[in-house]
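The structure appears below as structure tokens.
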Amino acid sequence: MTKGGALRLVLGDQLSEGLSALDGLDAARDVVLMLEVREECTYVPHHPQKIVLILSAMRHFAAALRARGVTVDYVALDDPANTHSFTDEVARAVARHRPEGVIATHPGEWRVLEAMRGWEDSLGLPLDIRDDTRFLASLEFFRRWAQGKKALRMEFFYREMRRATGLLMDGDAPEGGEWNYDSENRKRLPRDLIPPPPKRFPPDDTTREVMALVGREFPRHFGSLDGFAWPVTAEQAQAALDAFIAERLPRFGDYQDAMAEGETTLFHALISTSLNLGLLDPRAACDAAEAAWRRGDAPLNAVEGFIRQILGWREYVRGLYWLRMPGYAKLNALEAHRALPEFYWTAKSGMRCMDAAIGQTRDMAYAHHIQRLMVTGNFALLAGVAPDAINEWYLAVYADAYEWVELPNTHGMAIHADGGVMASKPYAASGAYINRMSDHCGKCRFDVKASTGEGACPFNYLYWDFIARHERRFASNPRMSMPLANLRKMEGAKLKDMRAQAKAFLDQHAPLP
Ligand code: FAD
Ligand code: DLZ
């Protein structure tokens with residue numbers, strides 16, 4: 001095998017039975033190629049749990065294909081002949097199998113697509129790069145929607161997607177009469193409400209073997225391997241979704257934006273790793289949530305909120321990424337150039353909210369959306385951290401991170417580096433927001449009510465330093481008129497103090513040499 005057959009490449013985040021690269025597979029002649037390569041493990045220093053998750057899920061997927069009689073050529077990370085790059089490993093596999101052609105599915109990152117585009121010439125074989133059909137909107141659908149539009153707002157794309165899929169629709173109208181119930185989804189977590197913990201999947205033999213390998217190979221990557229509990233098969237991913245729908249979906253909406261001391265997951269689903277690897281189908285996740293609402297098991301604000309994240313945000317960021325790359329990654333609208341403060345790697349800023357978000361990131365390779373956006377993202381925005389530095393951090397530290405989803409969320413939503421392609425104004429907030437949505441501030445050594453002086457909350461003086469720094473730029477944005485008006489009312493000496501304190505705090509936390 002494969003004389004006359006095809007070499008079918010399956011990448012680490014393409015672990016779906018229905019993958020387009022496997023369409024029409026002839027088990028008698030074709031070979032599936034899967035590659036564990038160092039280049040993919042190190043192009044950013046991925047969290048060890050992320051590497052374990054991907055390699056273990058790949059090994060389980062290969063075993064499932066083999067059990068169905070498919071020939072899988074699997075190159076392991078510790079294979080002495082491994083050249084550790086996709087391009088060179090595909091060339092070696094072509095030499096081994098002499099296929100008629102290579103079949104692949106469109107990858108999730110621009111840099112991989114660029115590499116693939118050279119393969120036809122370098123291999124001297126036809127290469128068929130098929131669409132990735134595991135999304136609810138094709139790239140063509142997104143392009144058509146975006147065409148001629150001045151602003152590409154998610155909310156309008158989402159409505160198109162509701163119409164196109166029929167999800168939560170009553171004929172032509174949205175169920176319940178509204179498209180979006182976000183205004184109901186901003187509650188603080190009550191003290192006596194304990195969220196049910198997500199389902200955990202302790203490592204099996206395969207995962208344990210990969211954990212030992214990753215521990216040996218990447219000992220200096222940020223993050224702990226202990227406590228690994230991510231789903232690594234489609235069956236486990238389904239069990240995680242089922243548990244979420246039964247136990248946490250009903251309150252997902254209410255507490256979607258909440259943060260709380262000691263609560264790392266609240267009512268979130270923890271399914272992004274499975275969706276992004278291809279272990280879970282996004283449509284199935286949306287259908288399961290809608291069915292829970294139709295049964296009366298979950299309220300509409302929760303179900304609409306959950307479906308919007310997947311049908312709206314997830315599809316939208318992917319469409320935007322492929323529409324705007326490669327230029328999108330280079331944008332730096334706010335001219336931010338600061339290096340990443342050292343506490344993004346140590347969880348020792350002294351700020352309770354930051355250290356909680358970074359600490360759980362180190363321990364679990366997970367933080368929920370509002371921690372990513374309004375804590376670590378907001379800090380990077382206010383501090384003026386360079387887009388490349390903060391993008392690399394998000395891409396490295398989260399188990400669900402691939403550039404197609406990480407980049408628009410960070411670059412566009414969190415740090416406004418795209419100058420407003422995604423969001424009409426920066427998501428900038430002072431400590432008051434964190435105090436409203438969490439109980440962190442009560443236990444923090446900084447005072448959230450103070451903006452200057454010893455012990456003032458850094459988010460306060462950084463916020464005003466940010467607004468003042470960009471005063472001229474924001475003057476033309478009507479959505480920034482309120483903070484600008486407040487800035488102008490502010491006493492000059494107070495602003496001066498805040499700006500000096502912002503500088504001192506950031507200088508004190510410059511990166512380690
Ligand atoms: P839930 O809150 O339970 O939401 C359910 C699902 O909706 C998620 O699993 C996810 O698939 C989808 N979803 C929710 N919000 C978004 C969003 N903004 N964009 C895309 N999908 C969304 N998500 C990633 O999958 N990978 C990333 O690398 C990533 N980087 C991010 C970086 C920043 C700065 C920000 C602000 C957000 C990022 N997100 C990313 C989006 C979001 O934070 C995660 O999808 C979510 O926290 C995953 O946890 P969950 O499964 O518990 O999600
Ligand atoms: C992220 C990742 C890692 C850490 N390792 C591998 C690997 O060894 N083999 C593989 O096929 N894929 C890996 N991946 C995922 C790829 O980086 C991903 O497929 C591309 O970034 C395209 O989305």
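A quick note: this is a predicted structure, and the numbers were derived from the prediction, not measured. Start at 1 and go down the list; that is how both ligands and their atoms are numbered.
- In this structure, Gly384 and Ala336 approach most closely via the heavy-atom pair O-CB, 3.4 Å.
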Between Glu36 and Tyr74, does a side-chain hydrogen bond (donor to acceptor under 3.5 Å, both in side chains) hold up when you go through it step by step? CA-CA 8 Å; Glu36 294 180 358; Tyr74 194 99; 2.5 Å; yes

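- Remark: minimum distance from atom 12 (N) of ligand 2 to any protein heavy atom is reached at Gly12 N, 3.3 Å.
- The shortest N or O to N or O distance between Leu35 and ligand 2 is under 3.5 Å.
- Within the structure, the closest approach of Tyr398 to ligand 1 does not fall below 4.0 Å when heavy atoms are considered.
- With hydrogens left out, the protein atom closest to atom 8 (C) of ligand 1 is Ser272 CB, 4.1 Å, a heavy atom.
- Summary of contacts: the protein heavy atom closest to atom 1 (C) of ligand 2 is Ile54 CD1, 3.3 Å.
- Atom 13 (C) of ligand 2 has Glu40 CB, 3.8 Å as its closest protein atom, hydrogens excluded (heavy atom only).
- Of all atoms in ligand 1, numbered sequentially from 1 with element shown, those under 4.0 Å from a heavy atom of Ile271 are 9 (O), 51 (O).
- For ligand 1, the polar-atom distance check finds an N/O of Asp400 within less than 3.5 Å of one of the ligand's N/O atoms.
- Considering backbone and side-chain N/O atoms, Val10 never comes within less than 3.5 Å of an N/O atom of ligand 2.
- Nearest protein heavy-atom contact of atom 19 (O) of ligand 2 is Asp13 OD1, 2.7 Å.
- Looking only at protein heavy atoms, the nearest one to atom 8 (O) of ligand 2 is Val37 N, 3.0 Å.
- Evaluated by nearest non-hydrogen atom to atom 50 (P) of ligand 1, the leading choice among Leu270, Asn276, Ile415 is Leu270.
- When only interatomic distances are considered, the shortest N/O to N/O separation between Thr410 and ligand 1 does not fall below 3.5 Å.
- Residues Arg134 and Ser16 have side chains that bring a donor and an acceptor to within less than 3.5 angstrom of each other.
- Taking 4.0 Å as the cut-off, Tyr316 does not count as a neighbour of ligand 1 on heavy-atom distance.
- Considering backbone and side-chain N/O atoms, Leu373 never comes within less than 3.5 Å of an N/O atom of ligand 1.
- Tyr398 carries Arg372 over the face of its six-membered ring, with the cationic atom under 6.0 Å from the centre and within 45° of the normal.
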